[in-house]
Structures are given as C-alpha cells and as structure tokens.
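Take a look at the structure below.
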Amino acid sequence: MRGALEQHGNQAPLGSDTLIATTMCDYIEKELKAEDINLLLFPVGLSTEHKEFYGSITFKTMAYYHMLYDIRESLAYHSFKKMVFLVCHGGNAPVANLISREVRSDFKVYPFVLNSGILDHPAVKATFSKGKYFWFSWW
C-alpha cells in the first residue's frame, strides 16, 4: 500500500490516494531506472480528518511525525543523504514540511517534499460530486 487509505466521497474509490501514489512512484522509478540511483519506496499516510468515514485508516499526527522521523533517522544511519517525501494526500503536507526541516538540521541530509497536486487538475475537479468539493477546497 502506498498513500493514504481514506474515503473520497462518491466521486472516487476508497484507494484513490494509494492509486495516485503508486502510479507516481512507478513513474519516478521508470524515469530514474537509467540513472545510477538507488531508490527505496515505501508508503505512509495520515488521514485524521477522514477517520469518521468507513474504510479510512490513519495514524495520530504525532505517531505519524515520529514514524517519519524514525524512518529518516534509520536511513541516515545507513548513509542515505537524500529523501523525497512524495505527498499524495493534502493532510500529509504540513507534517512532511516540518519533518524535512528537522531532519535537514538533525542529520545533515537533503530532504525534498513533492506534492502530487492531482486535485488541482481541471479534469479531476470535474469528477467531484456536487456538494462534496468543500473536502478538497483547502488543498
């Protein structure tokens, strides 16, 4: 599983963020295959604002923060110098941004935060159920 597992109203399936994240990771891996780059991809997700909807699975915010921090600490121990947080769910962006600043300072590494921005695409917005857009308006 990659990406958040949460509801998306009537306009998209439960696994939307996972589908987006998996597709983006597959694309990134394909584009970097010719390069001499070691790539490690794994999922994480925070969906506290959707926990009341059936099917949503999440962490508490501080558990998510500590999990990301601990993962980065482990990778630093093994000499990984760069890390990309690929954000495919808007609720994950604030924590990813915070962690990127902290691990840069604590481990002298180069973290990057990439946001999928998929929900800003006009073709995607056209699929939103009437009356459901407010869920996404803060992205």
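Sequence positions, counted from 1, serve as the residue numbers for this chain.
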Minimum heavy-atom separation for [X] to [Y], with atom names?
X: Lys81; Y: Arg72; value: C-NH2, 3.7 Å
X: Ala96; Y: Val113; value: O-CG2, 3.7 Å
X: Val109; Y: Val103; value: CG2-O, 3.5 Å
X: Val95; Y: Tyr65; value: CG1-CA, 4.0 Å

| message | Quick check on the hydrophobic clustering: are Phe85 and Tyr27 connected, directly or via other members, by side-chain heavy-atom contacts under 4.5 Å? | response |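 Looking at the clustering, Tyr27 is in a separate group from Phe85.
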| According to a 4.5 Å side-chain heavy-atom criterion applied to Ile, Leu, Val, Met, Phe, Trp and Tyr, with indirect links allowed, do Leu75 and Tyr77 form part of one hydrophobic cluster? |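 The answer is no; the residues belong to distinct hydrophobic clusters.
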| task | Would you mind reporting whether Cys25 and Leu86 have side-chain heavy atoms less than 4.5 Å apart? | result |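 SC-SC contact between Leu86 and Cys25 confirmed.
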| Are any non-hydrogen side-chain atoms of Phe112 and Ser100 less than 4.5 angstrom apart? |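 They are not in side-chain contact.
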Going from [atom1] on [X] to [atom2] on [Y], what distance comes out if it is rounded to the nearest 0.5 angstrom?
X: Ile28; Y: Lys30; atom1: CD1; atom2: NZ; value: 13.0 Å
X: Met62; Y: His66; atom1: CE; atom2: NE2; value: 3.5 Å
X: Asp106; Y: Glu73; atom1: CG; atom2: CD; value: 8.5 Å

| query | Between the main-chain N or O of Glu102 and the side-chain N or O of Ser105, is there a donor-acceptor pair closer than 3.5 Å? | reply |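 No.
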| field | Check against side chain to side chain contact (heavy atoms under 4.5 Å, CB included), Arg104 and Tyr110 | value | CA-CA 6 Å; Arg104 182 183 307 116; Tyr110 304 98; 6.0 Å; no
| task | Hey, can you tell me if Phe107 and Tyr69 have their rings parallel, tilted or perpendicular (30° and 60° cut-offs)? | result |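 Answer is tilted, since the angle falls between 30° and 60°.
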